[in-house]
Peer 1: 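Submitted below is the structure of interest, expressed as structure tokens.
Within every chain, numbering begins at 1; the chains are lettered A, B, ... in the order of the sequence lines, protein sequences first and strands thereafter.
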Amino acid sequence: MSDEQKHNESSKAYGRFHRRVLEGNGALFAIATTVAISIGALVEIAPMFSTTSLSWQRADWVTPYTPLEVAGRDIYIREGCYLCHSQMIRPMRSEMLRYGEWTRAAEYQYDRPFLLGSRRLGPDLQRVGGKYPDAWHFEHMRDPRSTSPGSIMPTYPWLYRQKYDPADVAKSVRALATAGTPYTATDDASVAAALEAQADKIVASLATTSIQVAPDDEIIALIAFLQRLGTEGKKHFAQQAAQTSEAAPAPAQGTPSATGGGQ
Amino acid sequence: MAQTTSGTVAAATPGTGVATVYDDAIVKMFFTAAVGWAVVGMLVGVMIALELAWWPANMGIPQITFGRLRPLHTNAVIFAFAGNVCFTGIYHSMQRLLKTRMFSDVLSRIHFWGWQGIIVLAAVTLPMGMTQSKEYAELIWPIDVLIAIVWVIFGVNFFGTIARRKVKHLYVAIWFYMSFVITIAVLHIVNNLAIPATLTRSYPVYAGLTDALVQWWYGHNAVGFFLTTPFLGLMYYYLPRAAERPVYSYRLSILHFWALVFLYIWAGPHHLLYSALPDWAQTLGMVFSIMLLAPSWGGMLNGLLTLKGAWDRVRTDPILKFMVVAVSFYGMSTFEGPMMAIRSVNALAHFTNWVIGHVHSGALGWVGMMSFGMLYWLVQNLWKRPLAHPKWANHHFWLATIGIVLYTVSMWAAGLMEGLQWRALNDAGQLATPAFLDITHRLNPFMWIRLTGGAMYLTGAVMMAINFWQTIRGPGAEVSPTPVPVAAD
């Protein structure tokens, strides 16, 4: 008996079925494979688009990124910051001591793309906003070791030479609006005005520490983005805590992340 | 078994005109590209390993900072090196398994040049910071469109070849190749749906955790269907050829193929354990990851047991050595992976170097070693010459093996260390090491050990490239197309 016959005479029914029906028919095999890989994908991903899931991923205490923060986020992506810094605080005591309150789903609702990260070569940045003054970030990006002695982060001198282009940022804002982010004013002029207003505030805050910088330097956009990270969550959780303990005096601002380092 | 014999007859009977039927020129093209990109991709890996050990290594040049080179490294080794290895093996073996020439020589060449063009575009755009930021899906949208087009061309060529086959039954290797062709198309298109803002920038149609889930469904199955199933297909063709033994079990191959393709697709959410993703999705990801151990080991056992009766040759034949170590690493990393997907283990391992160690035991151990074994076998069969430096193949094997051990052991140690120290609490219930950087500094020696391991692995690959170059270009006389054991000396 040849090997070929042996297979066809296989004592197992599935072996006979497989050989006669599937292995002899390329199209049927391809369809069966497609079905096999589709089931898990559909079961896991489709519910994410249900109304329940979409409402649970949203909260009114989170607002979209401002145009300057969008520009900063694009720089964050361009430089691959997310490859060393996560934006995902896990619900564990050690993580909350080190980084602050764990990340809620709604806090990511305007994140396109998501930037949870997969590796912590440096500390998590989910709640880095407001942790340090603007000047700290300004010095840190130019020379990380000036603010964090012994840091292994590279220097980013080009962020102080290169400028963001308001017309380009407006294109990003419009694409994000198309994708579903609720921006109301997406024309070039409105975006440029929003950029200028926010950048001027950061320039002014830096000027108080004698740092002179142009409002359209890339570093300004990056600072705007970093300083926003996790702040809405911090505010929201503090308010919640205040409400639940209304008899007692309200806890100090930013309690959940007040402890811990990450320096 | 019948399939093995029927599939290999054509290739194993020289002088019957088969050589003129098959398009081996395209195989040689993909072969050359695979070897070239192996060196490039691994060199970038060694560069970023140096940057992690010694931060000034980028010399202040934006284009070669870690954040821009890391995606280039992953894309180069996955899509350029491993991708071209898959295409080499598929174009070579499927013509023989189906006893027919590829469906279209023109499509084959469009596939080849299209794919190399995509890689060149990747190598230009990623260092410039043009990225979508999704891991292994970083390439900007115009390149994604090109990938989709080239993949469809490959698919037409692939299924066209199946349609004109001269054997009735599809051999197990073809099943695995088919799952590669179909699944990568689905994953690539779904994960890259985005709204373009400019020619180089786009924003995904998904937001937040939905985007994260879609990405890790893609990311994990890129490992599953780009680095696992096609390589299992290559194992099912080249391991029996090199060992000159039939595949151990036909029924096991049916069981583990279907279990693998069905279960793999569910495993993605294990990348998002302890995130705000719903618990049911996280749990599904964990449970299916653990179940994945069974079909993975089914494949490993089918590979290793195929060597029954040929183990004596494993001692002397570098090709078999590469393949045995590859299948062993496949078994090890597919054991480690399910363990790391268990919530409590993941709590420790996530975000640490342990993950990097795990990835590289699969990438360097399984994908790399299987590729090397196949390439050493193919160079002698395609160009019909013995290796220019048979002993170098053996040196390459040991350099690579010791390199992997240094790499993975140092990353395990570093990963466990940082994972434990990040979460260590003192008696007062506060962080034992509140300064993140204190922990970072303790990892530095391991960064140098990893660099050494990676450099050894790269050295081996360079030796292989030189060896192949001199084999192909050298004055060696043509020999029979049956494989010459390279350690015959």
Side-chain angles (χ1 to χ4, degrees), chain A residues 2-4 7 12 15 18-19 23-24 26 29-30 33-34 36-37 40-41 44-45 48 57 77-83 86 88 90-91 94 97-98 103-105 108-114 116 118-120 123 148 150-152 154-155 157-158 171-172 175-176 178-179 260-263, chain B residues 1-2 5 55 58 60 62 65-68 70 129 131-135 162-163 168-170 178-179 182-183 195-198 201 203-205 207-214 217 250-251 254 258 261-262 265-266 269 274-276 281 284 351 422-423 425 430-431 434-437 440-441:
Chain A
S2 76
D3 282 346
E4 185 84 19
H7 279 307
K12 301 275 190 205
H18 198 270
R19 182 131 188 101
E23 288 170 42
F29 204 105
T33 307
T34 310
I37 61 147
E44 286 181 349
I45 296 173
M48 296 298 279
Q57 286 190 64
I77 290 170
R78 184 188 74 198
E79 300 304 339
C81 305
Y82 61 92
L83 291 165
S86 55
M88 173 181 142
R90 298 180 290 175
S94 58
L97 285 173
R98 197 179 287 282
T103 316
R104 307 300 201 272
Y108 296 129
Q109 67 182 311
Y110 298 119
D111 282 16
R112 291 175 200 267
F114 79 100
L116 275 69
S118 60
R119 179 76 185 90
R120 281 182 187 153
S148 313
S151 168
I152 60 166
T155 57
W158 54 92
K171 286 179 190 160
S172 292
L176 283 165
T178 310
Q263 49 273 74
Chain B
M1 288 179 211
T5 39
W55 71 265
N58 73 57
T65 47
F66 180 83
R68 297 200 192 179
R70 197 259 198 189
T131 172
Q132 296 188 131
S133 89
K134 291 180 160 196
E135 287 181 58
I162 288 179
K168 184 165 167 31
H169 298 291
L170 299 172
M178 201 187 281
S179 72
I182 294 171
T183 314
I195 312 287
T198 66
R201 198 163 63 242
Y203 298 95
V205 298
L209 279 177
T210 305
D211 192 37
L213 180 64
V214 172
W217 164 76
Y250 164 69
R251 283 207 298 268
I254 297 179
W258 288 106
V261 297
F262 175 73
I265 213 84
W266 297 72
Y274 291 104
S275 73
L284 275 181
F351 293 134
W422 285 343
R423 73 182 187 183
L425 301 178
Q430 297 301 312
L431 292 172
F436 188 92
L437 268 175
T440 307
H441 291 152

Peer 1: Looking at M48(A), R112(A), R104(A), K171(A), which has the largest count of heavy-atom pairs under 4.5 Å with chain B?
Peer 2: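 Most pairs with chain B among the choices: R112(A).
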Peer 1: How far apart are the C-alpha atoms of T65(B) and W158(A), what are their side-chain angles, what is the distance that settles it, and do they pass the side-chain contact (heavy atoms from CB on, under 4.5 Å) test?
Peer 2: CA-CA 12 Å; T65(B) 47; W158(A) 54 92; 3.5 Å; yes
Peer 1: How long is the straight-line distance from CZ of R68(B) back to CZ of R78(A), given to the nearest 0.5 Å?
Peer 2: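 Between R78(A) CZ and R68(B) CZ, I get 5.5 Å after rounding to 0.5 Å.
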Peer 1: How far does CZ of R19(A) sit from CZ of R251(B), to the nearest 0.5 angstrom?
Peer 2: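 It is 13.0 Å, given to the nearest 0.5 Å.
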Peer 1: What heavy-atom pair brings I265(B) and E44(A) nearest, and what distance separates the two atoms?
Peer 2: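 In this case the closest contact between I265(B) and E44(A) is O-OE1, 4.1 Å.
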Peer 1: Could you give me the CA-CA distance, side-chain angles and deciding distance for S172(A) and Y203(B), then say whether side-chain contact (heavy atoms from CB on, under 4.5 Å) is met?
Peer 2: CA-CA 8 Å; S172(A) 292; Y203(B) 298 95; 2.8 Å; yes
Peer 1: Chain B heavy atoms under 4.5 Å from E79(A): which part of the residue, side chain, backbone, both or neither?
Peer 2: both
Peer 1: Given the options H441(B), E135(B), R201(B), which has more heavy-atom pairs under 4.5 Å with chain A than any of the others?
Peer 2: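 Heavy-atom pairs under 4.5 Å are most numerous for R201(B).
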Peer 1: I'd like to verify something: which residue of A281(B), P196(B), P204(B) has the highest number of heavy-atom pairs under 4.5 Å with chain A?
Peer 2: P204(B)
Peer 1: Using every non-hydrogen atom in the two residues, find where A105(A) and A276(B) come nearest and quote the distance to one decimal.
Peer 2: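 Closest pair (atom of A105(A), atom of A276(B), distance): N-CB, 3.3 Å.
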Peer 1: Can you tell me how far the CZ atom of F114(A) sits from the OG1 atom of T210(B), to the nearest 0.5 Å?
Peer 2: 11.0 Å
Peer 1: Would the distance check show the side chain of R98(A) and the main-chain N or O of L431(B) forming a donor-acceptor pair, the cut-off being under 3.5 Å?
Peer 2: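 Flag not set: sc R98(A) to bb L431(B) has no pair under 3.5 Å.
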Peer 1: Measure T33(A) against the heavy atoms of chain B and call it side chain, backbone, both or neither at under 4.5 Å.
Peer 2: both
Peer 1: Let me know if I162(B) has heavy atoms under 4.5 Å from chain A in its side chain, its backbone, both or neither.
Peer 2: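 Interface part for I162(B): side chain.
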Peer 1: What part of T198(B) gets within 4.5 angstrom of chain A, counting heavy atoms only: side chain, backbone, both, or neither?
Peer 2: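 Just the side chain, heavy atoms under 4.5 Å.
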Peer 1: With only heavy atoms counted, which part of Q132(B) is less than 4.5 Å from chain A, the side chain, the backbone, both or neither?
Peer 2: backbone
Peer 1: Taking all non-hydrogen atoms of both residues into account, name the closest pair between L83(A) and F66(B) and its distance.
Peer 2: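 Distance-wise, the nearest heavy atoms are CB-CE2, 4.4 Å.
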Peer 1: For chain B, which candidate among C81(A), P157(A), P91(A) shows the most heavy-atom pairs at distances under 4.5 Å?
Peer 2: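 Top option by heavy-atom pairs under 4.5 Å: P91(A).
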Peer 1: Between T440(B) and chain A, with a heavy-atom cut-off of 4.5 Å, which part of the residue counts as in contact: side chain, backbone, both or neither?
Peer 2: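 When you check distances to chain A, only side chain atoms of T440(B) fall under 4.5 Å.
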Peer 1: With only heavy atoms counted, which part of L425(B) is less than 4.5 Å from chain A, the side chain, the backbone, both or neither?
Peer 2: side chain
Peer 1: Measuring from I195(B):CD1 to T178(A):OG1, what's the distance to the nearest 0.5 Å?
Peer 2: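 Taking CD1 in I195(B) and OG1 in T178(A), the distance rounds to 6.0 Å.
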Peer 1: Holding to ring pair (Phe, Tyr, Trp, His ring centres under 6.0 Å), I want the full list of residues that pass it with F29(A), two or more places apart in sequence or in another chain.
Peer 2: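 By the ring pair (Phe, Tyr, Trp, His ring centres under 6.0 Å) rule, F29(A) matches H18(A), W175(B), F257(B), W258(B).
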Peer 1: Taking S275(B)'s backbone N and O only, do any of them form a donor-acceptor pair with R90(A)'s side chain (distance below 3.5 Å, no angle check)?
Peer 2: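 It does not hold such a pair.
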Peer 1: Minimum heavy-atom separation for I254(B) and G15(A), please, with both atom names.
Peer 2: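 Smallest heavy-atom distance, with atoms named: CD1-CA, 4.1 Å.
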Peer 1: As an exercise: rank G67(B), G60(B), S179(B) by heavy-atom pairs under 4.5 Å with chain A and give me the winner.
Peer 2: G67(B)
Peer 1: At their closest point, which heavy atom of L116(A) faces which heavy atom of F351(B), and how far apart are they?
Peer 2: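 Nearest heavy atoms, L116(A) then F351(B): O-CE2, 4.3 Å.
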Peer 1: Of the listed residues (S86(A), P113(A), A41(A)), which shares the most heavy-atom pairs with chain B below a 4.5 Å separation?
Peer 2: P113(A)
Peer 1: Give the member of L284(B), D211(B), N58(B) that has the highest number of heavy-atom pairs under 4.5 Å with chain A.
Peer 2: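 Looking at each of L284(B), D211(B), N58(B) in turn, D211(B) comes out on top.
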Peer 1: Out of curiosity, E23(A) CD to Y250(B) OH, how far, rounded to the nearest 0.5 Å?
Peer 2: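 Result: 3.5 Å between the selected atoms.
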Peer 1: Under the side-chain contact (heavy atoms from CB on, under 4.5 Å) criterion, do S151(A) and L437(B) qualify, and how do the steps go?
Peer 2: CA-CA 7 Å; S151(A) 168; L437(B) 268 175; 4.2 Å; yes
Peer 1: Verify side-chain contact (heavy atoms from CB on, under 4.5 Å) between T155(A) and W55(B), making sure each step is shown before the conclusion.
Peer 2: CA-CA 9 Å; T155(A) 57; W55(B) 71 265; 4.1 Å; yes
Peer 1: Where is the tightest heavy-atom contact between I182(B) and I37(A), given as atom of each residue plus distance?
Peer 2: CG2-CD1, 4.3 Å
Peer 1: Would you mind checking which part of R423(B) comes under 4.5 Å of any heavy atom in chain A, side chain (CB onward), backbone (N, CA, C, O), both or neither?
Peer 2: both
